[in-house]
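We're numbering straight along the sequence, starting at 1. Both counts, for ligands and for their atoms, begin at 1 and track the order of listing.
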Amino acid sequence: MTLAGRSLTRIADLSNDEILAILDTASAYAERPRGRMQELHDRIVAAAFFEPSTRTRLSFETASHRLGASIIGFADGTSTSSVKGESLEDTVKVLSGYGDLLVLRHPEKGAAERAARVSDVPVINAGDGSGEHPTQTFLDLYTMRQNLGELAGRRVAVMGDLRYGRTVHSLVPALQGLGAEVVAVPAPGLSLPDDVGNGRVPEIELEDAAATSDVLYVTRVQKERMTASESADGSGRLVVDGALLARTKSRAIVMHPLPRVDEISVDVDSLPSAKYFEQARNAVPVRMSVLSHILGESA
Ligand code: NCD
């Protein structure tokens with residue numbers, strides 16, 4: 001099936017073939033020189049960001065510009081009519097009359113699906129609270145494939161805030177679907193929700209993960225989604241540093257969706273295994289691919 005005209009709210013809505021097609025198109029874009037194409041010159045992307053974002057918003061903007069599309073929107077919901085009491089549904093109905101596609105980031109889980117139900121144009125989930133973040137998963141998978149080749153049989157350790165971190169909620173099912181083995185190193189009290197990973201994600205110790213994995217996928221504790229008692233508990237913090245990687249003779253690449261707080265020490269940045277800034281750069285060709293599949297020529 002084609003992705004043309006479809007919303008992208010949950011990773012489970014895509015087949016393996018559809019995911020791989022997005023990654024392949026991204027590789028083709030990554031090979032082209034910098035500059036602007038005209039593929040989407042007659043399209044307008046609307047970007048509604050009700051929650052802070054650096055990479056996701058600016059890489060969607062860059063991807064739109066590189067494909068020749070125009071982009072409208074806002075980076076801060078407090079400048080919109082939502083502060084006057086307008087519902088998400090009403091805002092979405094209005095924006096879907098302006099743009100040809102809506103990119104939505106929102107603090108509530110399920111917001112993208114609510115939006116897709118009332119929108120006249122496709123909706124891309126750019127992060128819905130503690131829900132999902134499917135386009136981050138594409139650039140995570142792209143970066144893994146770039147460094148490791150085939151993902152089947154690879155071992156990926158997801159670390160940190162697995163409860164509230166939406167990137168892992170999309171990444172874990174995608175990796176399992178592609179035949180990778182996923183293990184978890186949760187921060188204390190922040191295990192994966194029961195509905196993620198089909199009960200097939202064993203929890204292991206940090207040292208064990210570093211010694212045995214092909215990828216260490218590190219995430220920050222999502223303080224903004226926690227109750228006061230949860231956020232007060234900073235005990236047992238997980239940190240990946242150069243000493244851990246050396247001690248465990250780790251051969252893993254180290255990834256992180258960013259922003260990093262202190263869960264990867266800066267001494268890792270200069271190691272060849274550090275891939276998080278490369279991962280952030282890959283956001284542009286990957287999001288070009290997503291826009292193109294939904295709106296344009298690759299569809
Ligand atoms: C992530 C997010 O917003 O979920 N950031 C991103 O999009 N790269 C991760 C995070 O905020 O921790």
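Looking from atom 8 (N) of ligand 1 to the surrounding protein, the closest heavy atom is Pro257 O, 2.9 Å. Of the protein's heavy atoms, Leu258 O, 3.6 Å lies nearest to atom 9 (C) of ligand 1. For atom 3 (O) of ligand 1, the closest non-hydrogen atom of the protein is Arg166 NH2, 2.9 Å.
Asp161 and Thr219 share no side-chain donor-acceptor pair at under 3.5 Å. Using modelled atom types, one finds no donor on one side chain facing an acceptor on the other under 3.5 Å when comparing Arg43 with Ser70.
For Arg6 (side chain) and Ile294 (main-chain N/O), no donor-acceptor pair under 3.5 Å exists by modelled atom type.
Assignment of Gln222 to the shell around ligand 1 is supported, since a heavy atom sits closer than 4.0 Å.
The closest non-hydrogen atom to atom 10 (C) of ligand 1, taken over His169, Arg225, Arg220, comes from Arg220.
Summarising the local packing, CD of Glu205 is surrounded by 12 or fewer heavy atoms from other residues, nucleotides or ligands at distances under 6.0 Å.
Taking the ring centre of Tyr164 as origin, the terminal cationic atom of Arg225 falls outside the region bounded by 6.0 Å and 45° from the ring axis.
Applying the 4.0 Å criterion to heavy atoms of Thr56 picks out, from ligand 1, the atoms 6 (C), 7 (O).
Salt-bridge formation is detected for the pair Asp262/Arg237: a Lys NZ or Arg NE/NH1/NH2 atom is positioned less than 4.0 Å from an Asp or Glu carboxylate oxygen.
Contact annotation: for Arg105 versus ligand 1, heavy atoms closer than 4.0 Å belong to the side chain alone.
Considering backbone and side-chain atoms together, Pro259 places no N or O closer than 3.5 Å to any N or O of ligand 1. At a 3.5 angstrom cut-off on N or O pairs, Thr167 does not count as close to ligand 1.
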Legend entry - CA sep, side-chain torsions, deciding dist, call: Glu181, Val156, side chain to side chain contact (heavy atoms under 4.5 Å, CB included): CA-CA 6 Å; Glu181 179 198 3; Val156 179; over 6 Å; no

